[in-house]
Amino acid sequence: MISAQSLSAADLWALFQHFVLMSLLAIGGAIGTVPDMQRFIVGERGWLSEHEFTSSVALAQAAPGPNLLFVAVLGWNIAGAAGVLVTMVGMLLPSTTLTLAASRFARERRGTRGVRAFSAGMAPITVGLLFATGYVLAEPYLHNPAHRIGASLLMAATVLAMTRSKISPMWLMGAGALAGAFGLA
């Protein structure tokens, strides 16, 4: 992992610019942009390993608080406090501004065909982005022979439970935590 002292101003600027772009593509929330964040941070820049990236996202998602918390954890692990600042401002400023403008526009025109069609069309995009995020986060475990079967079964059981029942996701996260604690997944 690179410390805050070793990142140049150009690297921090590149990190900020990437998170600005991710903010504008965050359909359904920031978690939907995890695959491209992973590509940029791990694959392209090498600022974190796959394990560090996955652990950062998992830790933030397990902690109470906003779903966006993982962005701050990634920023911290990349560049300390400066990383938190550039990732969070980059992620929040554009999407917040765009959301404010779009919600005002849509509120005034909520009954029009275009606004209804746009809203209906966003659902499949959001679902696809969430599946891509799940794959990126599960990939290190699926390629590890010791965890492949357990992780696959746990993911299948979670998808089945979420689509066929009204069970709280908290129970499923607890089951996943227990499976991980006992080395099953």
Chemist: Is there a chain of hydrophobic side chains (I, L, V, M, F, W, Y, each step under 4.5 Å between heavy atoms) that links I31 to M37?
Modeler: yes
Chemist: Is it true that, when you exclude I149 itself, more than 12 heavy atoms of the residues, nucleotides or ligands shown sit nearer than 6.0 Å to its CD1?
Modeler: no
Chemist: Side-chain heavy atoms nearer than 4.5 Å, only ILVMFWY residues, links allowed to pass through others: does that put L154 and I167 together?
Modeler: no
Chemist: Hey, quick one: are L25 and F16 part of the same hydrophobic cluster, counting side-chain heavy atoms closer than 4.5 Å, chains of contacts allowed?
Modeler: yes
Chemist: Membership question, hydrophobic clusters at under 4.5 Å side-chain separation (ILVMFWY): are V57 and F131 in the same one?
Modeler: no
Chemist: Using 30° and 60° as the class limits, which term best fits the ring planes of F40 and W47: parallel, tilted or perpendicular?
Modeler: perpendicular
Chemist: Identify the two heavy atoms, one from A60 and one from L69, that lie closest to each other, and give their separation to 0.1 Å.
Modeler: CB-C, 3.7 Å
Chemist: Applying side chain to side chain donor-acceptor pair (under 3.5 Å), name anything that partners S95, two or more places apart in sequence or on another chain.
Modeler: S23
Chemist: Can you give me the closest heavy-atom contact between M22 and T33, atom names plus distance?
Modeler: O-CG2, 3.5 Å
Chemist: Counting only N and O atoms by type, is there a donor-acceptor contact under 3.5 Å from the side chain of R39 to the main-chain atoms of E44?
Modeler: no
Chemist: Could you grab the distance from atom CD of E139 to atom CD of E50, nearest 0.5 Å is fine?
Modeler: 6.0 Å
Chemist: Give me each pair satisfying side-chain hydrogen bond (donor to acceptor under 3.5 Å, both in side chains) with a member in residues 58-72, each pair once, sequence neighbours excluded.
Modeler: Q61-N67
Chemist: Do the side chains of W13 and L21 join up, straight or via other hydrophobic residues, at under 4.5 Å, putting them in one cluster?
Modeler: yes
Chemist: What residue among L129, V136, L74, T54 forms side chain to side chain contact (heavy atoms under 4.5 Å, CB included) with V34?
Modeler: V136
Chemist: Let me have the donor-acceptor pairs involving side chains of residues 86-94, under 3.5 Å, with sequence neighbours excluded, atom names and distances please.
Modeler:
{"unit_1": "T87", "atom_1": "OG1", "unit_2": "V71", "atom_2": "O", "d": "3.3"}
{"unit_1": "T87", "atom_1": "OG1", "unit_2": "G83", "atom_2": "O", "d": "2.8"}
{"unit_1": "T87", "atom_1": "OG1", "unit_2": "V84", "atom_2": "O", "d": "3.2"}

Chemist: So, for E52 and S56, which heavy atoms are closest and what is the spacing to 0.1 Å?
Modeler: O-OG, 2.7 Å
Chemist: Do the side chain of R109 and the main chain of F105 share a donor and acceptor less than 3.5 angstrom apart?
Modeler: yes
Chemist: Evaluate the criterion side-chain contact (heavy atoms from CB on, under 4.5 Å) for residue pair M155 and L142; output intermediate values, then yes/no.
Modeler: CA-CA 10 Å; M155 286 186 297; L142 296 174; 3.3 Å; yes
Chemist: Would you sort out whether D11 and L15 count as a side-chain contact (heavy atoms from CB on, under 4.5 Å), showing the intermediate values?
Modeler: CA-CA 6 Å; D11 285 334; L15 184 63; over 6 Å; no
Chemist: R116 and R110: which non-hydrogen atoms are nearest, and at how many Å?
Modeler: CG-O, 3.8 Å
Chemist: Between I78 and I41, is a side-chain contact (heavy atoms from CB on, under 4.5 Å) present by the stated rule, with each step listed?
Modeler: CA-CA 8 Å; I78 293 168; I41 293 169; 3.7 Å; yes
